[in-house]
Amino acid sequence: MFYVTENELRGAYNREHFSSYTLPEDAKLTPSARQFLIDFHIDFNEGYGAACGNADTSAHDPAAAAARAEDALASFYDDIAVLGARLRMLGRNALGIENDIAHVCDTLGTLWQNHTDLGGLLSEREAADEALAVPVLPPLSAAVHPLYYEMALLEAELARTQRFWAQAAGEMTAEGHASVDAWAQSVTRCRACLATCLEKVAGEARHG
């Protein structure tokens, strides 16, 4: 299996515009590649590319496989940079409302945008002990600040991206695998903070 990245799609689209896209055999879209197709209103098939009888020989070419692994790592860094920017925006919006969350989001967001080595953020014990529950969603209420709906949206996006790269890491280089693992630890910490905050505000809304 290999991954089609946003950079590949942009390059192909710049050479010749297209309105539909079919995944190659045994391929999967990265989150940013999928978002590119959605943004440009390009029809595409979900999941893995279907076998078509003529295997893509580049998937079995060591040089091509190495290039794809490198491109996948670059796409991973693109994804976490975008999420880092969104985290920092959430942190800015949270100032004066949820100051603890604001500082966590700004710290992690800055690290992600700078592609900083994240391995030291959490110890192995912290990473192993932290179990994530499904976050409590804020109820529809005029008394609930819009910040918390933004928080729930970002938590869901973090969860989806974390799941994708956890699966994709097995097909990446050792460097890429280590980067994804380290980043996933910081995501777990961030999602736990967001979930705690969402549970608190949902409880407050229920009790008036």
Side-chain angles (χ1 to χ4, degrees), residues 1-52 54-90 105 108-119 121 153-187 190-191:
M1 182 179 63
F2 65 97
Y3 296 90
V4 176
T5 66
E6 179 186 2
N7 288 341
E8 290 180 77
L9 293 178
R10 284 189 181 278
Y13 193 78
N14 288 338
R15 289 190 294 273
E16 182 178 357
H17 288 196
F18 49 88
S19 58
S20 64
Y21 179 78
T22 301
L23 276 168
E25 180 183 354
D26 200 27
K28 194 172 184 181
L29 295 166
T30 65
S32 56
R34 184 178 185 278
Q35 191 61 49
F36 171 82
L37 294 174
I38 292 172
D39 290 345
F40 281 76
H41 306 289
I42 298 170
D43 294 330
F44 63 98
N45 55 319
E46 293 278 6
Y48 295 99
C52 59
N54 296 317
D56 182 359
T57 56
S58 67
H60 307 290
D61 180 351
R68 285 189 179 278
E70 185 177 341
D71 200 19
L73 181 58
S75 184
F76 165 70
Y77 283 133
D78 287 345
D79 280 354
I80 68 171
V82 171
L83 287 173
R86 290 178 182 168
L87 264 185
R88 294 199 70 206
M89 178 63 76
L90 178 63
C105 290
L108 290 179
T110 299
L111 291 173
W112 295 0
Q113 284 188 289
N114 292 333
H115 301 168
T116 304
D117 179 13
L118 304 172
L121 279 178
L153 176 61
L154 183 57
E155 196 285 332
E157 188 170 5
L158 288 172
R160 181 184 67 177
T161 308
Q162 185 179 20
R163 280 195 301 272
F164 174 86
W165 285 110
Q167 295 172 351
E171 306 296 324
M172 298 170 72
T173 63
E175 176 194 356
H177 202 305
S179 295
V180 172
D181 284 349
W183 173 75
Q185 290 185 21
S186 65
V187 173
C190 183
R191 290 180 58 203

Compare all side-chain heavy atoms of [X] with those of [Y] and state whether any distance is below 4.5 angstrom.
X      : Y      : value
Asn7   : Ser75  : no
Trp165 : Ser179 : no
Lys28  : Val4   : no

> Would you say the side-chain atoms of Glu8 pair up with the backbone N or O of Thr5, donor to acceptor, closer than 3.5 Å?
Replying inline: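 Confirmed, Glu8 side chain pairs with Thr5 backbone.
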> Sub-3.5 Å donor-acceptor pair from the side chain of Glu155 to the main-chain atoms of Arg191, do we have one?
Replying inline: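 Between the backbone of Arg191 and the side chain of Glu155 there is no qualifying donor-acceptor contact (under 3.5 Å).
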> Does any donor atom in the side chain of Gln185 or Asp181 lie under 3.5 Å from an acceptor atom in the other side chain?
Replying inline: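 Per modelled atom types, Gln185 and Asp181 side chains form no pair under 3.5 Å.
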>> Can you see whether Asp79 engages Ser32 through a side-chain donor-acceptor pair at a distance of less than 3.5 angstrom?
In response: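 Yes, because at least one side-chain N or O of Asp79 sits under 3.5 Å from a partner of the opposite role on Ser32.
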Listed pairs under 3.5 Å, donor-acceptor, residues 12-20 side chains, sequence neighbours left out:
| from | atom 1 | to | atom 2 | distance (Å) |
| --- | --- | --- | --- | --- |
| Asn14 | ND2 | Arg10 | O | 3.2 |
| Arg15 | NH1 | Gly11 | O | 3.4 |

>> On a heavy-atom basis, which atom in Ala33 and which in Leu9 lie closest, and how many Å separate them?
In response: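 That would be O-CD1, 3.5 Å.
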> What closest approach, in Å, do Thr30 and Glu6 show between heavy atoms, and which atom pair accounts for it?
Replying inline: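 Answer, listing the atom of Thr30 first, then Glu6: OG1-N, 4.0 Å.
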Point-to-point distance, once rounded to the nearest 0.5 Å, from [atom1] of [X] to [atom2] of [Y]:
X      : Y      : atom1 : atom2 : value
Leu158 : Leu108 : CG    : CG    : 9.5 Å
Thr161 : Leu83  : OG1   : CG    : 5.0 Å
Tyr21  : Leu29  : OH    : CG    : 6.5 Å
Asn114 : Ile80  : CG    : CD1   : 10.0 Å

> Would you find more than 12 non-hydrogen atoms of other residues, nucleotides or ligands less than 6.0 Å from Gln35 atom CD?
Replying inline: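 Atom CD in Gln35 is crowded, with more than 12 foreign heavy atoms closer than 6.0 Å.
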> Do Phe76 and Tyr3 pass the ring-ring contact (aromatic ring centres under 6.0 Å, His included) test, and can you show the C-alpha distance, the side-chain angles, and the key distance before you say yes or no?
Replying inline: CA-CA 11 Å; Phe76 165 70; Tyr3 296 90; over 10 Å; no
> Is the centre of the Trp183 ring less than 6.0 Å from the centre of the Trp112 ring?
Replying inline: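 Yes, the ring centres sit under 6.0 Å apart.
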>> Restricting to salt bridge (charged side-chain N to carboxylate O under 4.0 Å, His left out), what partner residues turn up for Glu157, sequence neighbours left out?
In response: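 So Glu157 forms a salt bridge (charged side-chain N to carboxylate O under 4.0 Å, His left out) with Arg86.
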